[in-house]
Amino acid sequence: MGARLPVLESFPALRAWQRKALVEYLRRRSDDFLAVATPGAGKTTFALRIAAELLADGTVEAVTVVAPTEHLKTQWAVAAARVGIQLDAAFRNADLHSSADFHGAVVTYAQVGIAPQVHRRRTMTRRTLVILDEIHHAGDSRSWGDGVKAAFEPAVRRLMLTGTPFRSDENPIPFVSYERGPDGLQRSRADSVYGYSDALADGVVRPVIFLAYSGETRWRTSAGDELAARLGEPMTQDLIAQAWRTALDPAGDWMPQVLRAADARLQVLRAGGVSDAAGLVIATDQQAARSYARLIERITGERAVVVLSDDQGASDRIAAFTVSEQRWMVAVRMVSEGVDIPRLAVGVYATSASTPLFFAQAIGRFVRARRPGETASVFLPSVPHLLGLASEMEVERDHVLGGPKRGDGLDDDLLERAQRNEQASGELEKRFEALSATAELDQVIFDGASFGTAAQAGTPEEEEYLGLPGLLTADQVAVLLSKRQADQLAAQRRRKTAEPVPAPRPMSAAERRVTLRRQLNALVAAHHHRTGLPHGKIHAELRRRCGGPPSAQATIEQLEERIATVQTL
């Protein structure tokens, strides 16, 4: 006697996007279906509902889920069991077949890549639905992609899921459809898309407030030269990378100051209605992760949970942390994708990985909404590329084949190192020595707009932003940030009026950019109050008309052009 069929009436009510996508799926009845939905939107529930429909009507007899990590296998099996679908998370390639007690199995891409013939045989034995979770992993390596294709070509149905920007390499992803655009490049075609901005408007995900910290950094090169730079100022890519790495050094002052600020924010959230709120530090490597954990214990008096992918019991520690009251977790890879810890509300992005894919995976850990009004806060270095990604959370990215190579750090090499090798590079350590770094709050990014003026760590100006209420709607966040910025500017004007007026001095490029950014935000806020349009939409329209990156990255000339343009709207 096999496993009982799931009862459709027992399923939880679907969200609007899930219902729409389900109707589209059932209408098409095509072999392959690609659903793109922002992290936290409910891709798992959507996929399991489709599995239940196909099992119930006899279209399929079995379900195979392919997940990126071992931990996610367990997570999928638990979620499926809640709705009456029994999946074997302990299946190994040597088993060849699952017990009749199960509707199917959950495996990893690595498992399939090692022995695709095993999974092909299983797929051919029974009519099978294959759910490919985070399908971009099928492009990670030729063996994984070829394995997925060989194993699941015989499947009756294939449902592909992703919640993050696709990879920037040219490995075609099996079963994904590509269409050639007017520029001659092939782009992936999704059958259902539900982006972050849509989910935010529906209250499905939390608003994310990014707090970007700059500061002075000093380091010594392999030639013995001492260099100094201010994080966030225009520099060459090499200098940005070295200043960034110096800031992340556990022995400097930047990380302790940022961790102290992040913990203060976490305490505000806990006291303000999110009593079990937790924080996550995402580190570059294992050595840094352990050092950050020691810093957190020194700052908070409470030990942080450290999760490393090659440690035994890592999945158990994640599961225990999910339901505990502990405040902080430090991890390298294990929680970068798909792991569901809904109480995570504060993040510290303390890693050198900078691809859109990894950034979206990381931020996705904090956006899962539980009830109206919860907000998330992510602390990150004031690095132009990261500020751009923070400003463009709502941008949808397709997988592009044959595009030009980019030399701006957007390739996936950093992601591969972060995902596959968590050990610090000894060779790099020999060529570089961090000397010192200090932190100050540079700007706050929300809904594509930049707010605030520079504030030293530990000052009342910084506390104004760290003390934002923890229960706010997206509209309330925008209004409150605009008010805080206006109050800051008014206080600065009062101080200037009370002080003797010094002889004017030429402003540096960095000071000029800050001034123009404030002026642009004030004009955008005024336009918002006149028209009711969201700040993000106004900034997006200015970028459409004037070109260029988000305001956090824009040049002086681009900011001046946008200021002139918004005054004509």
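None of these values were measured; they are calculated from a predicted model. When reading the values below, keep in mind they use all heavy atoms of this one structure, side chains included, and skip hydrogens, waters and symmetry mates.
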*Asks:* Testing the basics here: between Val346 and Ala262, what is the closest heavy-atom pair and its distance to 0.1 Å?
*Replies:*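 Nearest pair, atom of Val346 first, then Ala262: CG1-O, 3.8 Å.
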*Asks:* Please answer whether the main-chain N or O of Gln111 pairs with a side-chain N or O of Thr108 as donor and acceptor at a distance below 3.5 Å.
*Replies:*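 Flag set: sc Thr108 to bb Gln111 pair under 3.5 Å.
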*Asks:* Measure across Gly203 and Ala369 and return the closest heavy-atom pair with its distance rounded to 0.1 Å.
*Replies:*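 That would be O-CB, 4.1 Å.
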*Asks:* Applying the side chain to side chain contact (heavy atoms under 4.5 Å, CB included) criterion to Val112, which one of Asp146, Thr64, Val107 satisfies it?
*Replies:*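 Option passing the side chain to side chain contact (heavy atoms under 4.5 Å, CB included) with Val112: Val107.
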*Asks:* Is it the case that the side chain of Arg158 and the backbone of Asp31 share a donor-acceptor pair, with hydrogens and angles ignored and the cut-off at 3.5 Å?
*Replies:*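 Flag not set: sc Arg158 to bb Asp31 has no pair under 3.5 Å.
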*Asks:* Would you call Asp202 and Arg15 a salt bridge, taking side-chain N to carboxylate O under 4.0 Å as the test?
*Replies:*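 Here Asp202 does not pair with Arg15 in a salt bridge, since their nearest N and O are not under 4.0 Å apart.
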*Asks:* Using distance alone, with no hydrogens and no angle criterion, decide if Asp198 and Trp17 have a side-chain donor and acceptor under 3.5 Å apart.
*Replies:*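 Not at all, the side chains of Asp198 and Trp17 share no donor-acceptor pair under 3.5 Å.
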*Asks:* In terms of side-chain geometry, is the basic nitrogen of Glu53 or Arg49 positioned less than 4.0 Å from the acidic oxygen of its partner?
*Replies:*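 A salt bridge links Glu53 with Arg49.
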*Asks:* Test the Arg265-Tyr465 pair against the cation-pi criterion, namely NZ or CZ under 6.0 angstrom from the six-membered ring centroid and within 45° of the ring axis.
*Replies:*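 Not flagged: Arg265 not positioned over aromatic ring of Tyr465.
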*Asks:* Does this structure show an ion pair linking Lys20 with Glu24, if we count only N-O contacts that are shorter than 4.0 Å?
*Replies:*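 Result for this pair is no, no salt bridge flagged.
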*Asks:* Can you see whether Arg343 engages Ser324 through a side-chain donor-acceptor pair at a distance of less than 3.5 angstrom?
*Replies:*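 Yes, a side-chain donor-acceptor pair sits under 3.5 Å.
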*Asks:* Write down the atom of Tyr109, the atom of Ile135, and the distance for their closest heavy-atom approach.
*Replies:*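 Heavy atoms of Tyr109 and Ile135 come nearest at OH-CA, 3.5 Å.
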*Asks:* Over all heavy atoms of both residues, which pair between Ala138 and Pro174 is shortest? Give the atoms and the distance, please.
*Replies:*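 It is CB-CD, 3.8 Å.
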*Asks:* Please give me the minimum heavy-atom distance between Val130 and Ala155, naming the atom from each residue.
*Replies:*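 That closest heavy-atom pairing would be CG2-CB, 3.7 Å.
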*Asks:* Nearest heavy-atom pair of Val63 and Leu87: which atoms, and what distance?
*Replies:*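 Closest approach of Val63 to Leu87: O-CD2, 3.9 Å.
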*Asks:* Cation-pi between Arg122 and Phe91: NZ/CZ under 6.0 Å from ring centre and within 45° of the ring axis?
*Replies:*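 The answer is yes; both the distance and angle limits are met.
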*Asks:* What's the verdict on side-chain contact (heavy atoms from CB on, under 4.5 Å) for Phe46 and Ile50, showing C-alpha distance, side-chain angles and the deciding distance?
*Replies:* CA-CA 6 Å; Phe46 166 68; Ile50 286 180; 3.3 Å; yes
*Asks:* Do Arg29 and Arg157 make a side-chain contact, defined as non-hydrogen atoms from C-beta onward lying under 4.5 Å apart?
*Replies:*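 The answer is yes; the side chains approach within 4.5 Å.
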*Asks:* Are the side chain of Glu179 and the backbone N or O of Arg189 linked by a donor-acceptor pair below 3.5 Å?
*Replies:*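 No; judged by distance alone, with no hydrogens or angles, the pair does not exist.
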*Asks:* Less than 6.0 angstrom separating the ring centers of Phe359 and Tyr349, yes or no?
*Replies:*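 Between Tyr349 and Phe359, which both carry aromatic rings, the centre distance is below 6.0 Å.
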